Number of protein chains: 2
Amino acid sequence: MPPDRSAEILRDRLAGTGLRATRQRLVILESLLLLPGHPTAEQVHRQVRATQPLLSLGTVYKTLDSFVAAGLVRRVAAAQGAARRFDADCSAHHHLHCTATQEIIDYCDPQLDALLQKFFAARGLPGFQPRTFSLHITGTKT
Amino acid sequence: MPPDRSAEILRDRLAGTGLRATRQRLVILESLLLLPGHPTAEQVHRQVRATQPLLSLGTVYKTLDSFVAAGLVRRVAAAQGAARRFDADCSAHHHLHCTATQEIIDYCDPQLDALLQKFFAARGLPGFQPRTFSLHITGTKT
DNA sequence: CTCAATGCAAAACTTTTGCACATCG
DNA sequence: CGATGTGCAAAAGTTTTGCATTGAG
């Protein structure tokens, strides 16, 4: 896929949210999609600086916040380390957390989703209206 | 239950981990068990100061870290806010996260645990050895 | 006694904010 | 052009660290 083509896709994605498609936002969004795992704001900044040396860390924070507000990315809670992490993949998925390497790996499983849906539809929760499910599985890579 | 009795229980709990049962650790552990939800280090510090005005925030951090290392409490990832939160209940449980109030509510469900166990025992995960499961359910209190 | 734990304060690090300037639509 | 977004730098907030002193075992 030629680079101008992928830029176009990113632009469309931004347009769909009502956010202005600035150069900074395009590279930040691209970095989020490119970076493995769930990068911190600081990691995104390092990545982005490769092509945009002037892009400031403050802008990364502001931009990530507006992405979250627009529903374009979501925050991922990290039990270890202070930093918030971000995930550009907003489709329903779960996380595998390796205690050895500290990696957080995305894990999609439609069968699991269906199982959870069915379970809570049948059983309900006392005083709580569930909206989304996210399973954190801790363990080790093999 | 008389106060000296509960102190004894806390002391036993610390002794079981090999950690020294200092006055500071006792009040910190007690606060963790008392405070609703999943307090931050800062919240624990405020609570603890009621009875131990000299107990420093630094000590709260150090102590919480050693509790985690000893397996006495565990960290809870908070998607919102920068702070780490702690949970003194180490039995297997899940979390309900109310997007309206930002509360994190513990949720125990042995049937759910059994369901997940069975599901992953039957299916396995590619390249990953699961150890614990924790389901994060976001939604709203009703 | 001895070694681990604490208090204190400084340092390191992360995140937010204010404002002048730039730029997208 | 006008509203929104950006860069910069300072401020606010959080967590870690070093070291002298204390206290549990």
Side-chain angles (χ1 to χ4, degrees), chain A residues 7-8 10-31 38-49 51-70 72-73 75-86 102, chain B residues 7-8 10-31 38-46 48-49 51-70 72-73 75-86:
Chain A
E8 197 180 305
L10 293 175
R11 196 175 293 272
D12 287 351
R13 209 154 154 180
L14 277 174
T17 66
L19 293 175
R20 284 191 184 174
T22 65
R23 192 169 7 87
Q24 290 89 338
R25 285 182 176 165
L26 289 174
V27 286
I28 289 173
L29 184 53
E30 186 181 29
S31 295
H38 300 80
T40 63
E42 181 63 52
Q43 288 170 326
V44 171
H45 186 226
R46 260 202 302 280
Q47 168 70 25
V48 145
R49 282 219 152 175
T51 57
Q52 303 289 328
L54 295 184
L55 206 165
S56 72
L57 179 59
T59 295
V60 172
Y61 274 107
K62 287 173 185 166
T63 301
L64 289 174
D65 282 350
S66 52
F67 282 0
V68 170
L72 203 56
V73 309
R75 278 186 211 285
V76 175
Q80 316 247 0
R84 306 180 188 187
R85 300 190 175 190
F86 298 88
Q102 296 303 327
Chain B
E8 198 181 304
L10 294 175
R11 195 174 292 273
D12 287 351
R13 209 153 154 179
L14 277 175
T17 67
L19 293 175
R20 284 190 183 173
T22 65
R23 192 168 8 84
Q24 291 88 337
R25 286 183 174 163
L26 289 173
V27 287
I28 290 173
L29 184 53
E30 186 182 31
S31 294
H38 300 80
T40 64
E42 181 62 54
Q43 289 171 324
V44 171
H45 186 224
R46 261 202 301 281
V48 145
R49 281 217 153 176
T51 57
Q52 303 288 329
L54 295 184
L55 206 165
S56 72
L57 180 59
T59 295
V60 172
Y61 274 106
K62 286 173 185 167
T63 301
L64 289 174
D65 281 351
S66 53
F67 281 180
V68 171
L72 204 55
V73 309
R75 279 185 210 284
V76 175
Q80 316 247 359
R84 306 180 188 186
R85 300 189 176 191
F86 297 87

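Protein chains get the first letters and strands the later ones, always in sequence-line order, with residue 1 at the start of each. Everything quoted here is computed from the prediction, not taken from an experiment. All values below come from the heavy atoms of this structure, side chains included, with hydrogens, waters and symmetry mates left out.
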pair Leu14(A)-Phe67(A): side-chain heavy atoms closer than 4.5 Å: yes
Distance in angstrom units between Asp65(A) CG and dT15(C) C1', rounded: 9 Å
Five-pair end axes of the helix from dC1(C)-dG25(D) to dG25(C)-dC1(D), angle between them (10°): 50°
Leu57(B) versus Ala41(B), closest heavy-atom pair with distance: CD1-O, 4.1 Å
Contact under 4.0 Å: Thr59(B) side-chain N or O vs dG7(C) OP1/OP2: yes
Closest heavy-atom pair and its distance - Ser31(B), Val44(B): CB-CG1, 4.5 Å
Residue mapping more 5' on DNA chain D - nearest nucleotide basis, Arg49(A) or Arg23(B): Arg49(A)
Thr22(A): side chain to side chain contact (heavy atoms under 4.5 Å, CB included) partners, not counting sequence neighbours: Arg20(A), Gln24(A), Arg25(A)
Ile28(B) side chain reached by Leu55(B) side chain, heavy atoms, under 4.5 Å: yes
Taking only nitrogen or oxygen atoms into account, show me every contact under 3.5 Å that the protein makes with nucleotides 18-22 of chain D, one pair per line with its distance.
{"from": "dG18(D)", "atom 1": "O6", "to": "Lys62(B)", "atom 2": "NZ", "distance (Å)": "2.9"}

Gap between atoms CG and P, on Leu64(A) and dT6(D) respectively (whole Å): 11 Å
Residue whose closest nucleotide on DNA chain C lies nearer the 5' end, Leu55(B) versus Leu57(A): Leu55(B)
dT15(D) OP1/OP2 closer than 4.0 Å to side-chain N/O of Tyr61(B): yes
Produce the list of close N/O pairs, under 3.5 Å, pairing protein atoms with atoms of nucleotides 3-5 of chain D; give distances to one decimal.
{"from": "dA3(D)", "atom 1": "N3", "to": "Arg20(A)", "atom 2": "NH2", "distance (Å)": "3.2"}
{"from": "dT4(D)", "atom 1": "O4'", "to": "Arg20(A)", "atom 2": "NH2", "distance (Å)": "3.1"}
{"from": "dT4(D)", "atom 1": "O2", "to": "Arg20(A)", "atom 2": "NH1", "distance (Å)": "3.2"}
{"from": "dG5(D)", "atom 1": "OP1", "to": "Arg25(A)", "atom 2": "NH1", "distance (Å)": "2.9"}
{"from": "dG5(D)", "atom 1": "OP1", "to": "Arg25(A)", "atom 2": "NH2", "distance (Å)": "3.1"}
{"from": "dG5(D)", "atom 1": "O5'", "to": "Arg25(A)", "atom 2": "NH2", "distance (Å)": "3.4"}

Which atom of Ser56(A) lies closest to which atom of His45(A), heavy atoms considered: C-NE2, 3.6 Å
For atom CD of Glu42(A) and atom P of dT15(C), their distance in whole Å: 9 Å
Atom pair distance, as rounded to whole Å: CD in Gln52(A) and P in dC8(D): 12 Å
Set of residues satisfying side chain to side chain contact (heavy atoms under 4.5 Å, CB included) with respect to Ala70(B), sequence neighbours excluded: Thr17(B), Leu19(B)
By side chain to side chain contact (heavy atoms under 4.5 Å, CB included) - contacts of Arg46(B) (at least two apart): Glu42(B), Gln43(B)
Residues which pass side chain to side chain contact (heavy atoms under 4.5 Å, CB included) with Thr51(B), listed by chain and number, not counting sequence neighbours: Val27(B)
Sequence-distant partners of Gln52(B), side chain to side chain donor-acceptor pair (under 3.5 Å), two or more places apart: Arg23(B)
Shortest non-hydrogen contact from Leu72(B) toward Leu29(B): CD2-CD2, 4.0 Å
d(CZ, Arg11(A); P, dC24(C)) in whole Å: 9 Å
